[in-house]
Amino acid sequence: MALRFFNTYSRELEEFEPRDPAARTIGIYTCGPTVYSHAHIGNFRAYIFEDLLQRHLELRGYKAHRVMNITDVDDKTIRGAREAKVPLARFTEQFKQAFFEDVETLRIKRADEFPAATDQRYTDRMIEMIGALIARGLAYQADDKSVYFRINKFPNYGKLAHFDLSQLQSTGRVKHDEYDKEHIGDFALWKAWDEEDGDVKWDSPWGPGRPGWHIECSAMATALLGDQIDIHCGGVDNIFPHHEAEIAQSEGVTGKKFVRYWLHCAHLLVDGQKMAKSLGNFYTVPDVLAKGYTGRELRYALLRVHYRVPLNFTWEGMHEARESLGRIDEWLTRLREIAQEENVQRSTSNAQSPIEKSDFENSLDDDLNISAALGFLFESIRETNRAMDENKLDAASAKAWLDWWKRINTVLDLEADVEIMIPTEVAQLAKERENARREKNWERSDELRDQISALGWEVRDTKDRPKLTRRGAE
RNA sequence: GGCGGGGUAGCCAAGUGGUAAGGUCGCGGUCUGCAAAACCGCUAUUCGCGGGUUCGAUUCCCGCCCCCGCCUCCA
């Protein structure tokens with residue numbers, strides 16, 4: 001099946017054709033965090049979706065050149081720095097660091113570049129772009145000294161969001177004192193300095209000020225990926241106005257189609273509601289870790305639902321993630337044991353399976369249908385487990401399954417980390433328990449099992465020997 | 001009001017014009033000293049509601065209801 005994605009621009013599933021088919025390198029721009037506070041798990045749902053996208057493109061033989069911006073100057077960061085009474089850069093630094101820690105915890109592949117809006121390379125580029133837009137009549141400086149984009153001069157404005165500009169209504173979310181604009185939909189390219197900004201300002205041909213939010217993405221995207229990029233992603237809430245503005249600015253400057261495929265991720269809900277600090281359902285990655293869950297468990301929970309469907313985050317869902325991963329872990333452990341038994345005779349080899357091994361990746365070709373892909377994984381697990389129960393899976397077959405897993409795990413990245421060493425205390429208790437069992441002292445044996453359990457380990461008596469595992473562990 | 005996305009078992013969630021993947025939870029069974037893991041069986045006569053097209057619709061069309069989001073700086 002051909003690789004296809006749902007393009008927000010056309011609202012249709014489209015076959016993916018990179019801009020440059022020969023080069024096999026895909027330019028991907030993904031809107032990153034605004035570092036004014038700790039990013040929440042809803043933000044990370046979008047980043048995990050982008051991670052899945054990149055990894056699957058790579059599985060399909062493409063090379064991704066991915067850029068994720070860091071917005072380190074805007075109203076919220078300035079306000080935060082002022083309230084904390086520290087310089088802007090110092091204020092944002094802590095959240096940048098936290099962001100990168102969370103990225104690692106969730107096993108999200110790092111983008112190739114993380115440009116920051118305040119980097120002079122990009123502020124220069126923003127000023128250059130704004131100048132070009134003014135020269136083309138697409139932007140103007142208003143009486144308040146700020147520079148605005150003139151949306152009436154850009155006929156395509158509204159195409160991405162499918163908005164009729166005459167119907168734009170103010171939701172009252174933005175202050176209403178912007179009488180200086182020609183059209184209510186005109187958005188700021190350059191925001192003139194005011195006292196609230198303190199020492200946060202850059203010089204420009206239009207006086208001191210700072211970039212508008214949208215222009216930074218246009219500047220960084222075109223600077224690092226060129227005038228035209230293959231895929232641009234973000235959350236659905238970015239469609240309007242942010243991505244609409246990016247199109248207007250970028251195409252207004254370059255005159256070329258800015259993005260070939262727009263992919264947008266649906267929101268994460270918590271207990272069926274939008275996540276909000278006021279509702280007390282606002283979680284960061286460390287919040288989830290503090291509840292005893294691991295990064296890979298959260299990764300699984302955020303990954304398992306198709307990106308265009310709203311995902312409801314619940315603790316029950318986290319439990320489900322843990323159990324499902326445990327099932328994968330057990331399966332891999334069994335396969336590895338059999339793969340090592342070179343000379344053991346099996347009654348018959350049973351590598352045959354009604355599940356085609358390519359079903360997993362073919363599902364991902366279909367607009368990243370991860371739920372269907374995981375369905376195939378679990379069906380495969382059940383079938384190979386059955387074969388192993390019946391002693392019908394030989395070492396070669398086990399190895400083949402492990403190779404398959406290795407391949408799909410380049411996309412999933414859900415394997416448990418290397419086995420944690422069994423603590424000597426646990427090993428000692430297990431040994432004592434074996435002695436008790438040999439003497440058929442079941443009471444003592446069960447008591448020792450409880451003690452082992454209290455230490456976070458589970459003991460299982462198999463035919464060969466008792467096995468110790470740590471459930472729910474990284 | 002405009003524009004999107006969604007409504008499938010207790011929960012999460014695929015899917016197709018031909019009679020419902022998978023995960024999780026629960027129950028019963030095999031195995032086990034007992035467990036655990038694994039496997040087997042059971043758990044949606046039905047896919048928000050009402051019409052229509054069709055031999056046949058959960059899947060296509062029309063209308064309606066509900067949930068979520070966006071409508072100027074939230075992923």
Side-chain angles (χ1 to χ4, degrees), chain A residues 6 8 11 30-34 39-50 71 74-76 151 158 161-171 173-174 178 181 184-188 191 212-214 216 233-242 244-245 264-269 272-276 300-301 304-306 308-312 314 316-317 319-324 326-327 330-331 333-334 355 363 369-379 381-383 385-390 437 440-443 445-446 449 453 458-463 466-467 469 471:
Chain A
F6 185 86
T8 306
R11 311 269 182 200
T30 52
C31 285
T34 301
H40 56 69
I41 56 175
N43 300 117
F44 283 102
R45 186 208 181 176
Y47 307 144
I48 284 178
F49 141 65
E50 289 150 3
T71 299
D74 80 321
D75 290 353
K76 280 179 270 189
I151 62 168
H162 294 220
F163 277 175
D164 178 354
L165 297 187
S166 63
Q167 304 243 337
L168 282 187
Q169 285 181 11
S170 173
T171 52
R173 221 169 60 176
V174 162
E178 293 170 332
K181 296 195 290 186
I184 186 178
D186 288 353
F187 55 88
K191 301 184 93 152
W213 178 41
H214 314 303
E216 68 170 74
C233 312
V236 285
D237 50 339
N238 272 161
I239 296 170
F240 194 90
H242 185 54
E244 198 73 68
H264 290 98
C265 178
H267 274 280
L268 178 82
L269 302 176
Q273 289 182 293
K274 184 173 177 172
M275 188 163 42
Y300 182 89
R304 64 204 243 264
V305 175
H306 184 84
R308 281 193 292 120
V309 176
L311 177 112
N312 193 18
T314 60
E316 196 183 345
H319 172 76
E320 189 180 317
R322 167 167 295 176
E323 293 302 313
S324 303
R327 198 166 156 75
E330 282 305 327
W331 176 66
T333 302
R334 290 183 78 181
I355 307 299
S363 296
N369 190 344
I370 187 73
S371 306
L374 289 172
F376 289 123
L377 168 62
F378 285 106
E379 280 185 73
I381 288 175
R382 179 158 38 79
E383 277 164 23
N385 274 335
R386 189 192 299 141
M388 287 189 277
D389 279 359
E390 293 168 355
R437 290 187 71 224
K440 301 208 187 295
N441 185 349
W442 308 127
E443 200 179 326
S445 161
D446 291 349
R449 183 163 60 197
S453 170
E458 186 178 72
V459 60
R460 266 189 252 149
D461 304 319
T462 69
K463 276 200 191 94
K467 287 181 185 170
T469 51
R471 295 288 288 184

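Per chain, numbering begins at 1; letters A, B, ... match sequence-line order. It should be emphasised that the depicted structure is a prediction, and the values quoted were computed from it without experimental measurement.
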Strictly below 4.0 Å: does [X] bring a side-chain N or O up to OP1 or OP2 of [N]?
X: Lys467(A); N: rA37(B); value: no
X: Arg382(A); N: rG22(B); value: yes
X: Asn312(A); N: rC11(B); value: no
X: Arg327(A); N: rG23(B); value: yes
X: Arg386(A); N: rC40(B); value: yes

Round to a whole Å and report the spacing from [atom1] of [X] to [atom2] of [N].
X: Asp389(A); N: rU32(B); atom1: CG; atom2: P; result: 13 Å
X: Ile381(A); N: rC40(B); atom1: CD1; atom2: P; result: 13 Å
X: Asn385(A); N: rC39(B); atom1: CG; atom2: P; result: 4 Å
X: Asp446(A); N: rA35(B); atom1: CG; atom2: C1'; result: 8 Å
X: His264(A); N: rG69(B); atom1: NE2; atom2: P; result: 18 Å
X: Leu377(A); N: rG22(B); atom1: CG; atom2: P; result: 13 Å

Output the single nucleotide from [options] whose closest atom is nearest the side chain of [X].
X: Ser324(A); options: rG33(B), rU24(B), rC11(B); answer: rU24(B)
X: Phe240(A); options: rC74(B), rU24(B), rC70(B); answer: rC70(B)
X: Phe163(A); options: rC12(B), rC34(B), rC3(B); answer: rC3(B)

Polar atom pairs between nucleotides 4-8 of chain B and protein, under 3.5 Å, N or O only, would you list them?
residue, atom, partner, partner atom, Å
rG4(B), O2', Arg11(A), NH1, 3.4
rG5(B), O2', Arg308(A), O, 3.1

List for me each residue that meets ring pair (Phe, Tyr, Trp, His ring centres under 6.0 Å) alongside [X], sequence neighbours excluded, and say none if there are none.
X: His242(A); value: Trp213(A), His214(A)
X: Trp331(A); value: none
X: Phe49(A); value: Tyr307(A)

So what does Gly234(A) hit on the nucleic acid, given a heavy-atom distance under 4.0 Å: a base, only sugar-phosphate, or nothing? sugar-phosphate
Along RNA chain B (nearest heavy atom to each residue), the more 5'-positioned of Phe187(A) and Leu268(A): Phe187(A)
Side-chain H-bond candidate by donor/acceptor type, Thr71(A) with Glu216(A), under 3.5 Å: yes
Establish, yes or no, whether the cationic atom of Arg308(A) lies under 6.0 Å from the six-membered ring centre of Phe6(A) and within 45° of the ring axis. yes
Rounding to the closest angstrom, what is the interatomic distance between [N] and [M] at atom [atom1]?
N: rG69(B); M: rC40(B); atom1: C1'; answer: 44 Å
N: rA9(B); M: rU45(B); atom1: C1'; answer: 13 Å
N: rG4(B); M: rC47(B); atom1: C1'; answer: 23 Å

Kindly say whether, by distance alone, the side chain of [X] makes a donor-acceptor pair under 3.5 Å with the base of [N]?
X: Arg449(A); N: rC34(B); answer: yes
X: Asn369(A); N: rG15(B); answer: no
X: Glu379(A); N: rG23(B); answer: no

Identify whether a stacking contact exists between Phe378(A) and rG22(B), where the ring centres must be under 5.5 Å apart and the planes under 30° apart. no
Fill in the dot-bracket string of RNA chain B, one character per base: . for unpaired, | for a pair to another strand, ( ) or [ ] for pairs within the strand, taking Watson-Crick or G-U pairs under 3.5 Å. (((((((..(((.....[...))).(((((.......))))).....(((((..]....))))))))))))....
Could you pull out all residues at least two apart from Asn369(A) that satisfy side chain to side chain donor-acceptor pair (under 3.5 Å)? none
